[in-house]
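This report concerns only the one structure given below.
Per chain, numbering begins at 1; letters A, B, ... match sequence-line order.
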Amino acid sequence: MSDKQPDQIYAMRHSLAHIMASSIQHLWPNVKLGVGPVVENGFYYDVDLGDEQLSEADFARIEAEMAKIIKAAEPFERIEMPVLDAVSWAEQNEQPYKKELLNDLQRAGTTVAKDLDAATLGVATEGDSKVETVSFYRNGDFTDLCRGPHVEATNKVGAFKLMRVAGAYWRGKEGNPQMQRVYGVAFATPKELRQYLDMLEEAKKRDHRKLGQELDLFVFSDLVGSGLPLFTPRGTVLREELERFSNELRKSRGFDKVSIPHMTKKDLYEKSGHWAKFGDELFLVKSQETSDELVLKPMNCPHHTQIYASRPRSYRELPIRYLDTTMVYRDEKTGELGGLSRVRSITQDDSHAFVRPDQIEQQIDDLLASADEMYSTLGMKLRVRLSWRDDSDAYLGSKELWASAQEQLKNAVITNKLEYFEQEGEAAFYGPKIDFMASDAIGREHQVATVQLDFVMPERFGLEYIAEDGSAQHPIMVHCALMGSTERFLSVYIEHTAGRFPVWNAPEQIRLISVNQEPETVAFVEKIAVQAKALGLRVSVDNSNESVGKKIRSAEIWRVPYTVVFGEKEIGGGELMPRIRKDLAVSEDATSYTVTEFLKTVANEAKMRVSKTSL
RNA sequence: GCCGACAUAGCUCAGUGGCUAGAGCGGCUGUUUUGUAAACAGCGGGUCGUGGGUUCGAAUCCCUCUGUCGGCUCCA
């Protein structure tokens with residue numbers, strides 16, 4: 001899903017893929033080549049070395065060979081030939097993967113798997129005509145099937161670096177031979193490459209798995225299982241503060257909290273349509289008492305429909321809005337789990353509004369406003385993706401309903417002046433979505449909140465309300481989550497903040513340090529801690545037998561927003577000189593406060609959810 | 001799930017067939033009583049992820065399982 005790249009950088013990256021393949025062929029003459037496209041920030045090439053395996057240790061040799069080719073300034077030359085000649089070229093050069101691509105081109109006019117399937121079924125596609133001639137590009141002794149474009153010669157490719165090698169199935173299909181995919185990144189100038197590598201370095205430092213460990217936020221246990229994070233007291237503070245924020249944003253806009261069990265009979269999902277589509281991702285639960293087939297809930301909407309359905313509803317009651325921040329369980333494939341980004345126990349800050357057609361617009365506006373408030377408070381920029389259906393039959397409901405739903409979402413986004421782009425094939429099976437993408441502090445974009453319009457589920461569950469004219473009508477369901485999943489959001493948020501959490505959600509807001517271990521010093525510090533706790537502050541005391549320097553250092557490492565040292569001066573009634581974490585301070589000047597002033601200011605700050613300190 | 005790499009103390013990591021497996025940090029104890037990013041000394045701490053195999057001998061070689069990481073694929 002890479003954004004559109006300017007032609008020049010695209011050509012550079014694509015040319016580098018050829019140069020890399022050429023270098024690998026020089027070093028391993030028997031290499032069988034797959035495809036070598038441009039991806040976000042760079043390129044890759046899929047290679048098959050038979051019994052041999054490439055490793056990152058080979059990168060230096062490959063890069064050296066690439067440097068030779070680049071230095072030689074070989075021109076890229078386009079060659080056209082009849083597709084049958086190309087097939088025999090592939091045979092002569094023992095390139096079975098290329099031959100397969102050529103055969104597809106000849107047969108169906110495309111190498112794209114999706115279009116190929118359509119062609120096989122006899123469905124007309126855009127590139128329907130069979131291809132008669134194909135283009136090749138040649139540089140030096142290397143020739144490759146390729147649509148182009150390329151730079152004019154091998155010395156015009158900018159700056160690059162080989163990054164990693166990974167397994168990849170030929171054409172992405174399990175069962176096909178596994179090839180090795182060599183990734184490189186490339187930019188127009190060495191400076192841009194440097195900046196990109198620096199960003200990766202920074203991302204590594206911020207890795208939420210590393211910070212989760214260092215800041216004692218969450219752990220995993222082999223006995224509990226993979227993808228099942230356990231949150232420590234610190235991590236729990238963080239997640240509960242964020243969830244509270246999300247809940248408050250919705251409560252203030254008319255949502256009522258509901259509560260549901262974590263399992264259900266599978267009948268619920270058979271009715272909703274989830275079972276047919278997602279049955280293999282559900283955890284099954286066995287009852288020892290009844291014959292019920294139970295499952296752990298993988299989503300909450302069907303449960304919520306049953307609260308709505310519990311009695312007849314009047315149009316006067318609508319909108320009926322439920323919010324529920326609760327865990328769902330999905331049996332994700334083990335290879336896909338990682339840190340908090342992809343887990344099997346997923347907390348959703350879920351909400352479902354049941355509305356009349358004339359209330360859709362207001363409802364969507366409310367939710368867009370909530371999302372905006374949340375992310376501006378968290379210091380993240382939002383843009384939205386309008387996730388539409390595509391032409392496949394993977395969706396429920398009539399096309400007319402879809403078209404009108406998609407139009408309403410788009411209008412709401414335009415009315416709210418949100419930056420947006422549209423993408424087909426990203427919709428939920430029951431309706432189109434507005435997906436929010438948040439940019440973090442180092443420029444990466446993550447999918448977070450979502451607003452979804454659903455005409456399908458109310459119908460399947462027979463949800464109704466009695467309209468003004470006495471007729472029974474289906475309400476429309478608006479699904480929304482502001483964080484999406486708490487776990488995934490935490491992975492984003494921890495990396496966004498680099499563990500420097502604002503006062504309102506910092507697990508530890510104030511650390512009190514005693515300058516020595518004299519009983520009166522310790523007692524004084526303990527007394528202040530009690531006062532702070534009475535104001536609802538999260539405070540800790542360090543009166544260990546260490547130097548002040550060491551204790552300050554420790555507080556810094558734990559990224560505590562405020563650190564205050566207590567000694568003779570403070571005990572004697574002197575004012576405090578709180579040490580403010582660097583990213584929070586609005587000015588360099590330290591100011592002094594009485595104990596009461598200080599604690600009240602911090603408590604106030606935490607309540608207001610501000611991101612910079614007012615001290 | 002698939003391919004590949006990896007798993008040694010709470011953490012970060014040394015140790016590649018041969019004595020009782022090591023270091024730094026953290027922890028504990030003592031000395032010190034400390035003023036804004038590391039005082040000093042001592043002491044603990046490991047079934048070398050699990051189970052099996054090869055060998056006179058395994059942290060080290062082979063297999064299984066579990067977990068982690070990088071990808072593929074997927075993500076309601």
Side-chain angles (χ1 to χ4, degrees), chain A residues 44 46 53-57 163-183 207 209-210 213-214 216 219-228 269 272-275 277-282 297-302 328 330-339 341-344 346 348 350 387 394 396 426-431 433 447 450 452 454 457 479 481 484-485 488 511 513-519 521-522 543-558 563-570 574 577-580 582 590:
Chain A
Y44 68 80
D46 284 347
Q53 291 283 332
L54 272 182
S55 80
E56 293 188 9
M163 297 301 283
R164 62 172 57 97
V165 56
Y169 296 110
W170 168 239
R171 315 193 91 168
K173 282 195 184 157
E174 267 179 61
N176 276 351
Q178 181 107 20
M179 307 185 73
Q180 287 192 287
R181 179 164 297 177
V182 188
Y183 283 92
D207 189 320
R209 293 168 295 199
K210 185 172 166 254
Q213 162 95 273
E214 286 173 13
D216 192 24
V219 294
F220 288 90
S221 154
D222 282 11
L223 285 176
V224 175
S226 68
L228 299 168
Y269 299 124
S272 70
H274 287 102
W275 182 264
K277 210 166 158 56
F278 302 110
D280 57 342
E281 289 181 37
L282 304 192
K297 68 179 160 90
M299 76 282 299
N300 308 305
C301 7
V328 299
R330 297 180 187 175
D331 199 357
E332 304 281 357
K333 310 233 188 249
T334 52
E336 289 158 1
L337 303 169
S341 331
R342 196 72 179 274
V343 293
R344 299 200 288 181
I346 306 159
Q348 294 183 325
D350 213 353
S387 300
L396 299 180
E426 289 288 332
F429 75 90
Y430 48 74
K433 307 188 285 179
Q447 194 196 314
T450 176
Q452 311 175 359
D454 180 1
M457 226 173 292
H479 306 242
S485 122
R488 180 177 289 188
R511 186 172 294 195
I513 290 177
S514 66
V515 85
N516 58 31
Q517 293 193 297
E518 300 298 344
T521 318
V522 171
N543 51 28
S544 60
N545 183 11
E546 297 290 350
S547 65
V548 170
K550 176 101 171 247
K551 293 199 239 186
I552 291 288
R553 180 180 144 83
S554 163
E556 288 281 348
I557 287 169
W558 284 92
T563 307
V564 193
V565 177
F566 290 88
E568 221 175 307
K569 272 181 289 183
E570 289 77 10
M577 292 284 283
R579 184 183 169 100
I580 302 167
K582 264 200 249 65

Next item on the list: For A/Gly567 and A/Val515, work out which heavy atoms get closest and say how close.
Entry: CA-CG1, 3.5 Å
Margin query: If you compare every side-chain N and O of A/Tyr183 against the phosphate oxygens of B/rC72 (OP1, OP2), does one of them come in below 4.0 Å?
Written below: yes
Notebook entry, point to check: What is the base-pairing partner of B/rU55, counting Watson-Crick and G-U wobble geometry with both distances under 3.5 Å?
Noted result: none
Check: Base, sugar-phosphate, or nothing for A/Gly431, non-hydrogen atoms under 4.0 angstrom?
Finding: nothing
Check: Base, sugar-phosphate alone, or nothing: which one does A/Lys551 contact when heavy atoms must sit under 4.0 Å apart?
Finding: nothing
Note to self: Please give the distance between the P atoms of B/rG53 and B/rU64 as a whole number of Å.
What the structure shows: 15 Å
Next item on the list: With heavy atoms under 4.0 Å as the rule, sort A/Arg511 into base, sugar-phosphate or nothing.
Entry: nothing
Note to self: Under 4.0 Å, counting only non-hydrogen atoms across every strand here, what does A/Arg209 touch: a base, just sugar-phosphate, or nothing?
What the structure shows: sugar-phosphate
Check: With a non-hydrogen cut-off below 4.0 angstrom, is A/Arg181 in contact with a base, only sugar-phosphate, or nothing?
Finding: sugar-phosphate
Next item on the list: With the side chain counted from C-beta on, respond yes when A/Arg579 and A/Glu556 share a heavy-atom pair under 4.5 Å apart, and no when they do not.
Entry: yes
Margin query: Using a heavy-atom cut-off of 4.0 Å across all strands, would you classify A/Phe429 as base, sugar-phosphate, or nothing?
Written below: nothing
Notebook entry, point to check: In the strands shown, is B/rA39 matched to any nucleotide by a Watson-Crick or G-U wobble pair with both distances under 3.5 Å, and which?
Noted result: B/rU31
Check: Which base sits across from B/rG67 as a Watson-Crick or G-U pair, both distances under 3.5 Å?
Finding: B/rC6
Notebook entry, point to check: Rounded to the Å, how far apart are A/Asp222 CG and B/rU68 C1'?
Noted result: 9 Å
Next item on the list: Give the rounded distance in Å between these two atoms: CG of A/Leu337 and P of B/rU66.
Entry: 13 Å
Check: Within the structure shown, what part of the strands sits under 4.0 Å from A/Thr334 by heavy-atom distance: base, sugar-phosphate, or nothing?
Finding: base
Next item on the list: Determine which nucleotide pairs with B/rU20, using a 3.5 Å limit on both distances of a Watson-Crick or G-U wobble pair.
Entry: none
Next item on the list: Using the C1' atom as the reference point in each nucleotide, state the distance between B/rG27 and B/rG10 in Å, no decimals.
Entry: 8 Å
Notebook entry, point to check: If you find the nucleotide of RNA chain B closest to A/Ala427 and the one closest to A/Gln517, which residue's nucleotide is nearer the 5' end?
Noted result: A/Gln517
Check: When all nucleic acid strands are considered with a 4.0 Å heavy-atom cut-off, which category describes A/Gly567: base, sugar-phosphate, or nothing?
Finding: base
Next item on the list: For B/rU8 and B/rU60, measure between their P atoms and round to the nearest Å.
Entry: 13 Å
Next item on the list: Identify whether any heavy atom of A/Glu518 sits under 4.0 Å from a base atom; if not, whether one sits that close to sugar-phosphate; answer base, sugar-phosphate or nothing.
Entry: sugar-phosphate
Next item on the list: Would you state whether a donor and an acceptor, one from the side chain of A/Arg342 and one from the base of B/rC74, lie under 3.5 Å apart?
Entry: yes
Next item on the list: Identify which nucleotide among B/rG35, B/rG1, B/rA38 has an atom closest to any side-chain atom of A/Lys569, counting heavy atoms from C-beta outward.
Entry: B/rG35
Margin query: Taking only the C1' atom of each, what is the distance from B/rG45 to B/rA9 in whole angstrom?
Written below: 6 Å
Notebook entry, point to check: Does the A/Gln213 side chain pair with the main chain of A/Lys210, one donor and one acceptor, at a distance under 3.5 Å?
Noted result: no
Margin query: I need the CG-P distance between A/Asn545 and B/rU33, as an integer number of Å.
Written below: 10 Å
Check: Contact class for A/Phe220 vs. all strands (heavy atom < 4.0 Å): base, sugar-phosphate, or nothing?
Finding: nothing
Check: Across the strands shown, which category fits A/Gln348 at heavy-atom distances under 4.0 angstrom: base, sugar-phosphate, nothing?
Finding: nothing
Item checked: A/Ser547 vs B/rA39: side-chain N/O to OP1/OP2 distance below 4.0 Å -> yes
Next item on the list: Could you tell me the separation between the CD atom of A/Glu336 and the P atom of B/rC75, rounded to a whole number of Å?
Entry: 9 Å
Note to self: Counting only side-chain heavy atoms from C-beta out, which of B/rG26, B/rA37, B/rC75 sits nearest to A/Lys582?
What the structure shows: B/rA37
Next item on the list: For nucleotides B/rU34 and B/rA7, find the distance between their C1' atoms and express it as a whole number of Å.
Entry: 42 Å
Next item on the list: Considering only atom P, compute the distance from B/rG46 to B/rC6 and round it to an integer number of Å.
Entry: 27 Å
Check: Paired with B/rU47: which nucleotide, if any, by Watson-Crick or G-U wobble criteria at under 3.5 Å for both distances?
Finding: none
Notebook entry, point to check: Hey, does A/Glu332 reach any base, or is it just sugar-phosphate, or nothing, if we go heavy atoms under 4.0 Å?
Noted result: nothing
Next item on the list: Would you kindly check whether a donor in the side chain of A/Asn516 faces an acceptor in the base of B/rU32, or vice versa, at under 3.5 angstrom?
Entry: no
Notebook entry, point to check: Nearest of B/rU34, B/rU36, B/rG1 to any side-chain atom of A/Lys333?
Noted result: B/rG1
Item checked: Distance-minimising heavy-atom pair for A/Ser226 and A/Leu337 -> OG-CD1, 3.4 Å
Checklist line | Euclidean distance, atom CD of residue A/Glu556 to atom P of B/rC25 [Å, nearest integer] | finding: 20 Å
Margin query: Suppose you measure atom P in B/rU29 against the same atom in B/rU12; what distance do you get, rounded to whole Å?
Written below: 25 Å
Next item on the list: Count the heavy atoms of every other residue, nucleotide or ligand shown that sit under 6.0 Å from CD of A/Glu214, and state whether that count exceeds 12.
Entry: yes
Item checked: Minimum-distance pair of heavy atoms, taken over all atoms of A/Arg511 and A/Ser554 -> NH1-OG, 3.0 Å
Check: With side chains defined as the heavy atoms from C-beta onward, is the minimum distance between A/Ile552 and A/Ile513 less than 4.5 Å?
Finding: yes
Checklist line | Pairing partner of B/rC72 (Watson-Crick or G-U wobble, both distances under 3.5 Å) | finding: B/rG1
Checklist line | Length of the CD-C1' vector between A/Gln213 and B/rC69, whole Å | finding: 14 Å
Next item on the list: Would you please classify the geometry between the A/Phe429 ring and the A/Phe278 ring as parallel, tilted or perpendicular, with 30° and 60° separating the classes?
Entry: tilted
Check: Quick one: which of B/rG35, B/rG26, B/rU32 gets closest to the side chain of A/Glu568?
Finding: B/rG35
Check: Distance between the C1' atoms of B/rG44 and B/rG26, in whole angstroms?
Finding: 13 Å
Checklist line | A/Lys550 side-chain N/O to B/rC40 phosphate OP1/OP2 under 4.0 Å | finding: no
Notebook entry, point to check: Residues two or more places apart in sequence or in another chain: which of them pass side chain to side chain contact (heavy atoms under 4.5 Å, CB included) with A/Leu228?
Noted result: A/Val224, A/Arg344, A/Ser345
Check: For the pair made of CG in A/Asp331 and C1' in B/rC74, what is the distance, rounded to whole Å?
Finding: 13 Å
Next item on the list: Whole angstrom is fine here: how far is it from CD1 in A/Ile580 over to P in B/rU36?
Entry: 17 Å
Notebook entry, point to check: Of all the choices, B/rG67, B/rC75, B/rA37, which nucleotide is nearest to the side chain of A/Ser226 once you look at every atom?
Noted result: B/rG67
